[in-house]
Amino acid sequence: MIINSQKRSFGRGAKVSLFTLGTMRATESLEKMYSIIKNAYYVGINHIETAPSYGNAESLIGNSLKKLAIEENIKENNWVITSKVLPNGDFDFLKNNFKKSLKNLNREKINNLAIHGLNLKQHLDWVIAGEGKKFISWILEKELVDQVGFSSHGSYSLIKDAINCEVFSFCNLHLHYLDQSKISLAELALKKGMGVLAISPADKGGRLYSPSDILLEASKPFHPLELAYRFLLAKGITTLSLGASKIEDFKFAEKLRNSQKKLTKQEIIALKKIKNVADEKLNSTKCEQCRLCLPCPNEIPIPEILRLRNIAIGYGQYEFAKERYNLIGRASHWWEEKNSSFCLECNKCVPKCPSKLNIPVLLKETHNLLIEKPKKRLWS
Ligand code: SF4
Ligand code: SF4
């Protein structure tokens with residue numbers, strides 16, 4: 001059965017559905033992976049995203065696609081596959097690992113390969129002039145992938161450099177309705193003809209599958225997650241990743257599988273209402289994310305911390321904001337390293353803020369609001 005769903009050009013590669021199946025949460029068994037991929041197919045998804053670091057996801061996918069071809073007559077070549085490699089290691093190591101990925105996926109080649117976690121300048125150097133360059137040239141020359149892209153949790157300027165370095169044809173970015181700080185980078189990438197995948201708009205986008213009463217009320221008649229998806233699709237973001245672990249997770253992907261049109265009047269009104277409610281709750285203390293307060297001499301990530309404050313107070317997503325705040329300093333280069341407690345109250349940032357925010361006071365307040373005591377270890 002052919003499933004009708006809109007597809008978009010993804011860089012130089014095969015066209016992809018508006019939603020991409022992330023496979024990280026379906027690795028517990030072959031039955032689970034098979035059922036998730038089968039459901040993805042029947043809601044119009046043709047793009048699967050995976051990584052060798054997702055346990056045995058690649059071999060589960062390889063076996064599931066084989067089984068789907070036999071049992072459901074879904075051709076294996078109809079799927080667009082994206083896998084990833086981390087930006088380190090030498091040529092032989094990368095080559096051997098990539099060959100293992102192909103074997104696990106039961107493929108001669110895959111469509112897309114993302115250099116995953118291009119978070120530091122040294123990672124980009126590795127791509128442009130190091131062992132990464134050698135590896136990328138090899139896989140493209142051997143036609144083992146159609147195109148190479150990147151994903152990044154790095155700074156705005158690093159991502160901009162990666163988009164402009166002319167090596168990549170697609171990028172996976174953190175693009176969210178509640179965090180629009182990278183939207184202009186996505187627009188830049190799209191303008192250059194690159195494909196753009198939004199990483200986890202449901203979970204990393206503010207746990208929108210579990211919205212606060214504030215968001216639920218303001219979004220009516222839509223669900224906050226549905227609106228967040230529509231916001232990104234209407235912006236032209238090529239595809240949105242969906243890390244499904246159960247059938248219900250496909251609800252909005254099914255509903256929105258042909259929804260690349262502009263925002264409707266009703267959606268615009270609902271989005272405006274969400275913004276107005278948040279503005280009202282934050283009163284005159286909303287951080288507009290302009291980044292003009294940077295650099296802080298003490299490297300405090302002011303906009304990131306105040307964004308979590310916006311999300312907690314303005315949108316009522318406290319649990320999400322707490323989780324992210326308490327991860328600061330604990331995730332190496334995958335997230336920020338310093339929380340508000342490192343602010344020396346030198347006040348150098350204050351005159352730079354066009355919103356006239358008392359930044360050190362707000363940082364302190366955010367810390368008190370979101371910090372959690374270290375969890376007691378069960379074994380001590
Ligand atoms: S007051 Fe704090 S956040 Fe502002 S510049 Fe000084 S150390 Fe950085
Ligand atoms: S300058 Fe002010 S509004 Fe802009 S990011 Fe910094 S704190 Fe937020």
Side-chain angles (χ1 to χ4, degrees), residues 119-121 152-161 163 173-188 198 204-206 214-215 228 231-232 235 271-272 274-318 320-372:
N119 301 338
L120 302 172
K121 189 178 174 301
S152 179
H153 300 63
S155 68
Y156 190 94
S157 61
L158 183 86
I159 296 174
K160 194 172 175 187
D161 289 347
I163 289 171
L173 302 176
H174 280 282
L175 307 165
H176 311 302
Y177 175 68
L178 298 189
D179 171 9
Q180 298 179 23
S181 56
K182 307 278 182 342
I183 294 284
S184 53
L185 289 168
E187 286 166 347
L188 172 69
K204 300 288 187 307
I214 298 174
L215 278 176
F231 169 79
L232 294 170
K235 282 251 171 237
L271 286 167
K272 216 177 245 167
I274 294 179
K275 183 183 177 299
N276 290 345
V277 168
D279 286 356
E280 208 173 286
K281 295 215 171 278
L282 289 158
N283 201 356
S284 51
T285 65
K286 184 183 181 190
C287 169
E288 298 290 349
Q289 300 288 296
C290 66
R291 308 185 76 79
L292 293 173
C293 49
L294 298 177
C296 155
N298 208 32
E299 296 173 338
I300 308 295
I302 304 167
E304 282 68 30
I305 293 176
L306 295 188
R307 184 170 67 238
L308 295 179
R309 180 180 179 275
N310 287 352
I311 290 174
I313 298 175
Y315 303 105
Q317 292 297 86
Y318 279 92
F320 170 78
K322 276 186 186 171
E323 182 191 292
R324 298 301 291 168
Y325 189 77
N326 287 283
L327 205 63
I328 296 177
R330 293 180 190 173
S332 177
H333 54 77
W334 295 90
W335 180 222
E336 302 301 338
E337 285 178 14
K338 289 184 175 177
N339 68 19
S340 303
S341 68
F342 288 87
C343 170
L344 299 176
E345 299 181 36
C346 69
N347 282 332
K348 283 190 179 145
C349 52
V350 178
K352 294 192 267 179
C353 177
S355 302
K356 301 196 183 342
L357 300 182
N358 191 336
I359 296 171
V361 168
L362 293 180
L363 287 176
K364 202 170 187 179
E365 184 204 289
T366 308
H367 187 76
N368 294 336
L369 187 72
L370 301 179
I371 193 75
E372 285 179 330

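Note that ligands are numbered from 1 as they come in the structure, with each ligand's atoms numbered from 1 the same way.
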Write out the residue and atom name of the closest protein heavy atom to [atom], then the distance separating them to 0.1 Å.
atom: atom 8 (Fe) of ligand 2; result: C287 SG, 2.3 Å
atom: atom 3 (S) of ligand 2; result: E288 N, 3.3 Å
atom: atom 2 (Fe) of ligand 1; result: C343 SG, 2.4 Å

*Should the pair R324 and W335 be classed as cation-pi, given the thresholds of under 6.0 Å to the six-membered ring centre and 45° from the axis?*
yes
*Please identify which atoms of ligand 2 are closer than 4.0 Å to at least one heavy atom of R291.*
4 (Fe), 5 (S)
*Per-atom contacts of ligand 2 with Q289, taking only distances under 4.0 Å to non-hydrogen atoms*: 5 (S), 8 (Fe)
Are there over 12 heavy-atom neighbours, none belonging to [X], within less than 6.0 Å of that residue's [atom1]?
X: K338; atom1: NZ; result: yes
X: K281; atom1: NZ; result: no
X: E187; atom1: CD; result: yes

Would you confirm whether [X], through its side chain, and [Y], through its main-chain N or O, come within 3.5 Å as a donor-acceptor pair?
X: N339; Y: S341; value: yes
X: N326; Y: L370; value: yes
X: N119; Y: S152; value: no

*Nearest-0.5 Å distance that lies between atom CZ in R307 and atom OG in S181*: 4.5 Å
Identify, by atom number and element, the atoms of ligand 1 in contact range of [X], meaning under 4.0 Å from any of its heavy atoms.
X: L363; answer: 3 (S)
X: P297; answer: 5 (S)
X: N347; answer: 1 (S), 6 (Fe)

*Salt bridge between R291 and E304, side-chain N to carboxylate O under 4.0 Å?*
yes
*Considering C353, C349, P360, P301, which one's heavy-atom position lies nearest to atom 4 (Fe) of ligand 1?*
C349
_As a check for students: among C290, C296, C293, identify the option with a heavy atom nearest to atom 6 (Fe) of ligand 2._
C293
*Specify side chain, backbone, both or neither for I302, according to which of its non-hydrogen atoms lie closer than 4.0 Å to ligand 1.*
side chain
*Sub-6.0 Å ring centroid separation between F231 and H176*: no
*May I ask whether L344 has any heavy atom positioned less than 4.0 angstrom from an atom of ligand 1?*
yes
_Strictly under 2.8 Å, is atom 2 (Fe) of ligand 1 approached by any N, O or S atom of C346?_
no
*Heavy atom of P354 under 4.0 Å from ligand 2?*
yes
*So which bit of I359 gets within less than 4.0 Å of ligand 2, heavy atoms only: side chain, backbone, both or neither?*
side chain
